[in-house]
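Both ligands and their constituent atoms are indexed starting at 1 by order of listing.
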Amino acid sequence: MSIKTATLNGVATIEIARPEKKNALTVAMYQAMADALNAAQADPAVRAVLITGQPGIFTSGNDIEDFMSRPPGSGSASAESPVFQFMRALVGIDKPVVAAVTGAAIGIGTTLLLHCDLVYVSDEARLAMPFVSLGLVPEFASSLVVPRLLGNVKAAEKLLLGDPFTPEEAVEARIANAVLPAGEVVNHARRVAERFNALPPGAVRETKKLLRRAGTDDVLKTIAIEGELFSARLRSPEAMEAFQAFFQKRKPDFSKFS
Ligand code: COA
């Protein structure tokens with residue numbers, strides 16, 4: 001299993017641990033993360049959730065081999081797939097979620113941060129949403145949330161061109177709270193998560209719900225709209241070219257597409 005979970009001192013930790021593949025997320029790993037979030041939600045001993053990765057890598061995003069061989073279906077099949085279960089669990093959890101971004105956060109590695117409550121990034125982190133260069137479209141409501149946070153022209157830089165964020169830019173863009181030295185980011189995030197042990201859990205839950213209330217319906221609707229397009233794009237010749245190029249360690253050639 002490439003997702004490690006543990007609950008200690010009121011904090012349920014979800015650790016992405018597949019360093020040999022740069023923490024790329026498989027269908028089974030999404031399911032494990034969805035289950036861990038649902039378990040944290042149900043466990044009265046859990047006051048906060050911590051999501052973290054490995055030194056130097058948070059996650060390289062969806063496993064590209066899975067994209068090719070096991071793309072989520074469309075319509076209701078898509079809605080039931082583990083990745084959508086994970087998205088709904090993260091959007092729906094009413095306990096605080098803290099992220100420690102230990103290194104590169106690509107694709108869903110960045111978009112999942114948009115749904116965490118507190119985000120700390122390593123000074124070695126690099127965030128990127130290269131959906132277009134993979135022949136895909138944005139997911140996890142990033143097409144809604146990123147323009148709201150950054151404005152349209154900066155959002156185009158990040159989502160159309162796929163330009164990466166430095167850790168400092170992630171803070172400026174209000175995706176992250178602070179940049180920490182690589183060796184300290186996990187402990188810092190854990191200490192922040194543990195602060196919820198001293199706070200009244202009911203007031204924390206209700207406040208989180210209020211903070212997210214205005215946006216949640218739009219976020220869920222956008223996830224569904226993006227999901228339909230994303231599933232279709234996964235089967236597109238443009239995406240096939242991008243995925244094959246990744247595994248053949250070459251630049252993709254989109255010159256033949258119109
Ligand atoms: N899916 C499947 N395998 C992946 C992967 C992914 N998202 N990211 C990395 N890997 C695999 C590589 O294929 C390689 O496997 P191999 O050792 O069997 O050849 C291994 O992990 C190491 O990756 P590598 O690219 O050699 O590491 P790097 O340090 O040079 O680069 C990244 C790290 C994260 C910058 C780079 O791997 C990358 O860009 N990954 C793809 C990111 C992406 O496009 N994700 C999808 C977003 S929607």
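Listed by first then second residue, pairs satisfying ring-ring contact (aromatic ring centres under 6.0 Å, His included) with a partner in residues 191-229 number zero, not counting sequence neighbours.
Aromatic pair Phe131/Phe140: ring centres not closer than 6.0 Å.
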When you check ligand 1 against the protein, what N or O pairs turn up below 3.5 Å? List the atom names and distances, or just say none.
unit_1	atom_1	unit_2	atom_2	d
ligand 1	1 (N)	Ile64	N	2.8
ligand 1	7 (N)	Ser60	O	3.3
ligand 1	7 (N)	Ser60	OG	3.4
ligand 1	7 (N)	Asn62	O	3.0
ligand 1	8 (N)	Ser60	OG	3.0
ligand 1	15 (O)	Lys21	NZ	3.3
ligand 1	18 (O)	Lys21	NZ	2.7
ligand 1	19 (O)	Lys249	NZ	3.3
ligand 1	29 (O)	Lys22	NZ	3.3
ligand 1	45 (N)	Ser60	O	2.7

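At least one donor-acceptor pair closer than 3.5 Å links the side chain of Asn197 to the backbone N or O of Asn9. A donor-acceptor contact shorter than 3.5 Å is absent between the side chain of Asp117 and the backbone of Val98.
A side-chain contact (heavy atoms from CB on, under 4.5 Å) with Asp94 holds for exactly one of Arg212, Gln41, Glu206; it is Gln41.
Looking only at atom types and distance, the side chain of Gln31 has a donor-acceptor partner in the side chain of Gln85 under 3.5 Å away.
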